[in-house]
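These notes concern the structure reproduced below.
Order of the sequence lines sets the chain letters (A, B, ...), proteins ahead of strands, with each chain counted from 1.
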Amino acid sequence: MLDRVDVPSDLNAALETLAGCRAGAILSGGTLLMPEINTRATGLTTLVSLKKLDLAGISVSGTRVTIGATTTLDAFGRDERLALLKPVVESIASPPVRNMASVAGNLFAAQPYGDLAVALLALDAEVEIAGPKGKRQAPVSEIVKKGVAADEIVTALTFDLPDGGSWFYAKTMRRNTNSAAIVCVAARVQVEGGVVKSASIALGGAGPRPLRVPSVEAALVGKPLDAESVTAAAAKFEADCEPFTDAYASAWYRTRVIPVHIRRALVGA
Amino acid sequence: MASRIVTLLVNGTPQEVIVRPGTTLVSVLRDQLELTGTKRGCADGSCGACSVVVDGKAVRSCLIPAETVDEAEVTTVEGITPVGGLGPLQEALVEGFATQCGFCNSGMLMVATALIAENPDPSDADIMRAISGNVCRCTGYHPIIRAIRDAAAKMRGAQQIAAE
C-alpha cells in the first residue's frame, strides 16, 4: 500500500527519495503505472511524481531533437517541427491518454504497446538518464531491453529527425484508432544512387520488446527499394523476431504477416 | 505517512480536501466532493467513464493521484450542467437518443467539451478520434457522434448570436 506520493520540484530530491524508499516507483503520466496500482497488489510504498521537475519540453537544433522525458504524447504530436512523426503519436491510445502519457514512459510500455519506442529505436535515439552517481547516456536499444536501475530517472531523449523521404511508419491494428499493434513497423531507409545505402528497421508486436531486424536491414542494403528486394529482405525477419500470442493476434498470425507489413510500410503494397 | 491537503478549483469553486497517499482524483470527486456524475469504470484508463477536464485537457481521473494535481482547475460533468437544466451537449445527447444506460455519458460529455473548446467545428472524423477512448456499450457510437456534431453547431450559432 502506498504510504507516500512525492511531487518534488528538484531532480536531486527526487533521486534521493527514490534511493531511500523501500519500494518506490516513478510516476510520470501514470497511464502505465496507475492501472497496476488500481487493480493489483503492487507492493509499492512510494511514488515519485516527475510532474514538477521541469522535464517537459522540446528543442530542435538543426536536425537534432531533444525531448524532455515528461513531455506528453499530446505535446509531441502537436509540435509542427516533429510533424513527420505525428502519425506515430496519433496511432497510440486515445486523446485523453495521450494528454497524460509521457514520451519517456512509452519506452517502458509492455508489448504490443510502445509504438513510440519502436519509432525511437528505428531512429537510434539516445536516452539521457540521471542517477545517484550522476548522469549517463544510453542507446534506446539498451533501455528497451534492460530498462534503467530502480534509482534512476530518464530525463530526456535525443535523436536526429529523418528527412521525409527516408522515414516510414505503419501500424496495423484491429481497429483504426485506440488499439495496440498487431505489427508496428518504423524504419529509416536512405537510398542513394538508386540503391539502399542504410536501413534501420524496428518492429513492434514482433517480440517481447521493440526490436530491430538486422537480418532484414543487411539484406536490403545495396538493393533497390522496390517490392521485389523488400520482399526478399523481409523474408529474413524470423532470425530476429519472437512473435507472441495475445488478445490482438496469435504468434502464428503475426509470423505470417510481419514480412507483409514490412513490405507495405516500405513500398506501400 | 500523513495525509495531505490538496487544493483544487473544481467547476469554478475552490475546494480543499485531505487525501491519503495515492488517492485518485475520481475518488476525491465522487467520495469527498460528492460529485458522482464522474463514473468509476475500468480503473485502468481504457473505458473513459471517469474522464474529466484538468487544466483544459481531457484526462482520466482514475489514473491521477490527487497530490499530483494540487492547485489544478478541474471541470466535471456537473460543471457543464446549468442549474435546473441541461447544457447544449447534454440536450443533444438526449434528443439524439445518444444516451441509453447513461454510464458513459459524463465521460463522453467531458471529452466532447474539451474537443469543442479547442475546435468549435469538428468533423465527424475529429469527433470519432476524440471519443475513441470512451467505451459505450449501448448506442453503437453513431448517435453520440451526431449529437456532438449537432451540439457543436448549436453552440457556434449561440456564440454568433451573442457576438451580434
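The shortest side-chain heavy-atom distance between Met34(A) and Pro65(B) falls under the 4.5 Å cut-off. Within the 4.5 Å cutoff, the side chain of Leu33(A) has no heavy atoms near those of the Leu63(B) side chain. Contact annotation: the side chain of Val111(B) never approaches that of Pro95(A) to less than 4.5 Å [non-hydrogen atoms, C-beta and beyond]. Contact of the Met128(B) side chain with the Thr177(A) side chain is not registered, since no non-hydrogen atoms from C-beta on lie closer than 4.5 Å.
Contacts with chain B (heavy atom to heavy atom, under 4.5 Å) involve these residues of residues 71-80 of chain A, listed by number: Asp74(A), Arg78(A). Contact annotation for residues 48-55 of chain A against chain B (heavy-atom separation below 4.5 Å, listed by residue number): Ser49(A), Lys51(A).
More than 12 heavy atoms of other residues, nucleotides or ligands sit less than 6.0 Å from atom CG of Asp246(A). Enclosure of atom CD in Glu73(B) is not indicated, since only 12 or fewer non-hydrogen atoms of other residues, nucleotides or ligands lie within 6.0 angstrom. The environment of CD in Gln100(B) is crowded: more than 12 heavy-atom neighbours from other residues, nucleotides or ligands sit within 6.0 Å.
Contact annotation for Leu27(A): only side-chain heavy atoms (C-beta onward) come within less than 4.5 Å of a heavy atom of chain B. For a residue to count as touching a neighbouring chain, one of its non-hydrogen atoms must lie under 4.5 Å from one of that chain's; by this rule Thr31(A) touches chain B with backbone and side chain alike.
Comparing Ile131(B), Thr68(B), Asp70(B) by how many heavy-atom pairs each has under 4.5 Å with chain A, the most go to Thr68(B). For the options Gly30(A), Pro35(A), Ser94(A), Gly29(A), heavy-atom pairs under 4.5 Å to chain B are most numerous at Pro35(A). Ranked by heavy-atom pairs shorter than 4.5 Å toward chain A, the options Asn134(B), Val59(B), Ile64(B) are led by Val59(B).
Smallest separation of non-hydrogen atoms from Glu67(B) and Val5(A): OE2-CB, 3.5 Å.
Using a distance-only test at 3.5 Å, with no hydrogens or angles considered, a donor-acceptor pair links the side chain of Asn38(A) to the main chain of Cys62(B).
To the nearest 0.5 angstrom, Met100(A) atom CE is 13.0 Å from Lys57(B) atom NZ. Ser51(B) contributes atom OG, which lies 10.0 Å from atom CG of Asn99(A) (distance to the nearest 0.5 angstrom).
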Indicate every side-chain donor-acceptor pair of residues 113-123 of chain A with a distance under 3.5 Å to a residue at least two apart or in another chain.
{"residue": "Tyr113(A)", "atom": "OH", "partner": "Tyr248(A)", "partner atom": "OH", "Å": "2.9"}
{"residue": "Asp115(A)", "atom": "OD2", "partner": "Lys171(A)", "partner atom": "NZ", "Å": "2.7"}

Scan the side chains in residues 16-32 of chain B for donor-acceptor partners under 3.5 Å anywhere in the protein, sequence neighbours excluded, and list what turns up.
{"residue": "Thr23(B)", "atom": "OG1", "partner": "Arg20(B)", "partner atom": "N", "Å": "3.3"}
{"residue": "Thr23(B)", "atom": "OG1", "partner": "Arg20(B)", "partner atom": "O", "Å": "2.6"}
{"residue": "Thr24(B)", "atom": "OG1", "partner": "Ser27(B)", "partner atom": "OG", "Å": "3.1"}
{"residue": "Ser27(B)", "atom": "OG", "partner": "Arg40(B)", "partner atom": "NH2", "Å": "3.1"}
{"residue": "Arg30(B)", "atom": "NH1", "partner": "Thr36(B)", "partner atom": "O", "Å": "3.1"}
{"residue": "Arg30(B)", "atom": "NH1", "partner": "Thr38(B)", "partner atom": "O", "Å": "2.8"}
{"residue": "Asp31(B)", "atom": "OD2", "partner": "Arg40(B)", "partner atom": "NH2", "Å": "2.8"}
{"residue": "Gln32(B)", "atom": "NE2", "partner": "Ile18(B)", "partner atom": "O", "Å": "3.0"}

